[in-house]
Number of protein chains: 2
Amino acid sequence: MRLPATTIARLSKYRRMLGSFNYESTHIFSHNLAKLLNLTPEQVRRDLMLIGLTGNHRKGYNIKELIDLVSKTIDSEKGHNVAIVGMGNLGMAVTAFIRRAKTRLNIVAAFDIDSGKIGKKVADVTCYHVDDISDIVRDLSISIAVLTVPPGEAIDVATLLIKSGIKGILNFTSVHIDVPPHVYLKETNIITSLEEIGFFIKEGSSK
Amino acid sequence: MRLPATTIARLSKYRRMLGSFNYESTHIFSHNLAKLLNLTPEQVRRDLMLIGLTGNHRKGYNIKELIDLVSKTIDSEKGHNVAIVGMGNLGMAVTAFIRRAKTRLNIVAAFDIDSGKIGKKVADVTCYHVDDISDIVRDLSISIAVLTVPPGEAIDVATLLIKSGIKGILNFTSVHIDVPPHVYLKETNIITSLEEIGFFIKEGSSK
DNA sequence: ATAAAGTTGTGAATAAATTAACAAATGATA
DNA sequence: TATCATTTGTTAATTTATTCACAACTTTAT
């Protein structure tokens, strides 16, 4: 199914929102869900239409059906094995995030270069040396890497990950990394985000 | 000046890329800069056009001029005072990020509820109790808050920040927060990002 | 039954962002 | 000096995403 990234991101949020909140009803209207996430009802309806969910004209969308269909649409059958690359503060924070949210993402390994961490469990994840990325990625069928290393190592580590056959990278470093077309890259640029905020609050303007 | 958020984000990246890298030349072509950041030359030229930077038809854009004009465009005169709200792993990681990047963002306070941290310097930032947000935000003229608290506290803390007159929030929590129109909100949703990656690598498809 | 109220589902319109296309400019070269 | 190769600056075209608008439907109330 061919879906825009914007829709996928929203579907993920619909599911999480409805999964966490305890609804009094079995159904929800598009405008209620929209309000919860600062979206428009049309956006919600269109997204749900795209995945083929059909609501009831008087009751709205069945929440269980919605969650199940979103899961069927965006999750992979067997989940994804994820590695945290760079087990510093940020790596540990991301680990906690993924743990807390019950997703189909399994953290199966961490990588670092600190000998104090290697071979041990850090934040409950076995930590390997970055030099062993290739072997471990293959052996543990890791498809997604979260890149949380210091800027100086970002490029080399990313290159190594790509060579090892990783399929997706979530890049938290401030360094831009280049990936071949078969690797899906998502950047989270903290400084850029803050500078964007800075610009838009400069003269009282909002989004 | 009215500029789209997409352009602001790219301008921030142009500046950082050119500021960090050591160029042999004083000038750079749009296609070179584009290549460094996986963009198209047209995007680069358009962004620079929007801020009124004019290049040389044979040498490209003067790097110093570019950096200066981007700074003049996106930075505020006196910089922004930033608070880290929630000084756990993520808060400390963000602090390190902002420190490393030389920006006009000054981290002037951290907030937490852990009595072991309050009144002390954590990661070199004075840590106050969350209950004191109102006073400190006012007294230290804090305009941007980075929200790195656990999910359960996100809404309450955000409400408090908004009441205290904060102008921008970078929300790292998985909880959706609602802000009035005069507050600029930027969300960094780790789980959603990972689920988006998961979807697009499912069947070999790329962006 | 029938009407009333309110929602979905979706083409059509609009807005936003990107890409194409190319004239004008500039410096290098012959 | 004239030509050439190349890049900028920008208008127009295209693509992508959002919003509008409304017919069709579903339940409740009369």
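Lettering of chains follows the sequences in order, A, B, ..., and the numbering in each one begins at 1.
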Worksheet, complete the sentence: Rounded to whole Å, the CG-P distance (A/Leu33 to C/dT8) equals 10 Å
Item to complete: With DNA chain D as reference, determine whether A/Thr7 or A/Lys59 sits nearer its 5' end, using the nearest nucleotide of each.
Response: A/Thr7
Discussion item. Distance criterion of 3.5 Å, no angle test: do you see the side chain of B/Arg58 paired donor-to-acceptor with the base of D/dA5?
Written reply: yes
Worksheet item: For A/Thr54 and C/dG9, is the shortest distance between a side-chain N/O and OP1 or OP2 below 4.0 Å?
Response: yes
Discussion item. Should the side chain of B/Arg46 and the base of D/dT10 be counted as holding a donor-acceptor pair, with the cut-off at 3.5 Å?
Written reply: no
Worksheet item: Should the pair B/Arg16 and B/Tyr14 be classed as cation-pi, given the thresholds of under 6.0 Å to the six-membered ring centre and 45° from the axis?
Response: no
Item to complete: For B/Arg15 and B/Ser71, run side chain to side chain donor-acceptor pair (under 3.5 Å): C-alpha distance rounded to whole Å, both residues' side-chain angles, the deciding distance at 0.1 Å, then the answer.
Response: CA-CA 8 Å; B/Arg15 172 169 66 174; B/Ser71 299; 3.0 Å; yes
Fill in: Salt-bridge criterion met for A/Arg10 and A/Asp47 (N-O under 4.0 Å)
yes
Discussion item. Using heavy-atom distances to pick each residue's nearest nucleotide on DNA chain D, tell me which of A/His57 and A/Glu42 is more 5'.
Written reply: A/Glu42
Discussion item. Without decimals, in angstroms, what is the distance between A/His27 NE2 and C/dT7 P?
Written reply: 14 Å
Worksheet entry | D/dT8 OP1/OP2 closer than 4.0 Å to side-chain N/O of B/Asn56 | no
Worksheet item: So with a 6.0 Å cut-off around CD1 of A/Ile113, is the heavy-atom count from everything else above 12?
Response: no
Worksheet item: Quick one: is C/dT18 close enough that its OP1 or OP2 comes under 4.0 Å of any side-chain N or O from B/Arg10?
Response: yes
Worksheet item: OP1, OP2 of C/dT18 versus side-chain N and O of B/Thr40: anything below 4.0 Å?
Response: no
Worksheet entry | Interatomic distance, B/Leu48 CG vs C/dT18 P [rounded to whole Å] | 14 Å
Worksheet item: OH of A/Tyr61 versus C1' of C/dG6: gap in Å, rounded?
Response: 14 Å
Worksheet item: Do you know which two heavy atoms are closest between B/Ala154 and B/Val175, and how far apart they sit?
Response: CB-CB, 3.9 Å
Discussion item. Mind checking if A/Pro4 touches a base, just sugar-phosphate, or nothing, with heavy atoms under 4.0 Å?
Written reply: sugar-phosphate
Discussion item. Rounded to whole Å, please give me the gap between CZ in A/Arg45 and P in D/dT18.
Written reply: 15 Å
Practice prompt. Would you kindly compare A/His31 and B/Asp47 by the position of their nearest DNA chain C nucleotide and give the one closer to the 5′ end?
Written response: A/His31
Worksheet item: For the pair made of CG in B/Leu50 and P in D/dT11, what is the distance, rounded to whole Å?
Response: 12 Å
Worksheet item: How many Å lie between CE on A/Met49 and P on D/dC22, as a whole number?
Response: 19 Å
Worksheet item: Quick one: B/Asn62 CG to D/dG9 P, roughly how many Å, whole number?
Response: 12 Å
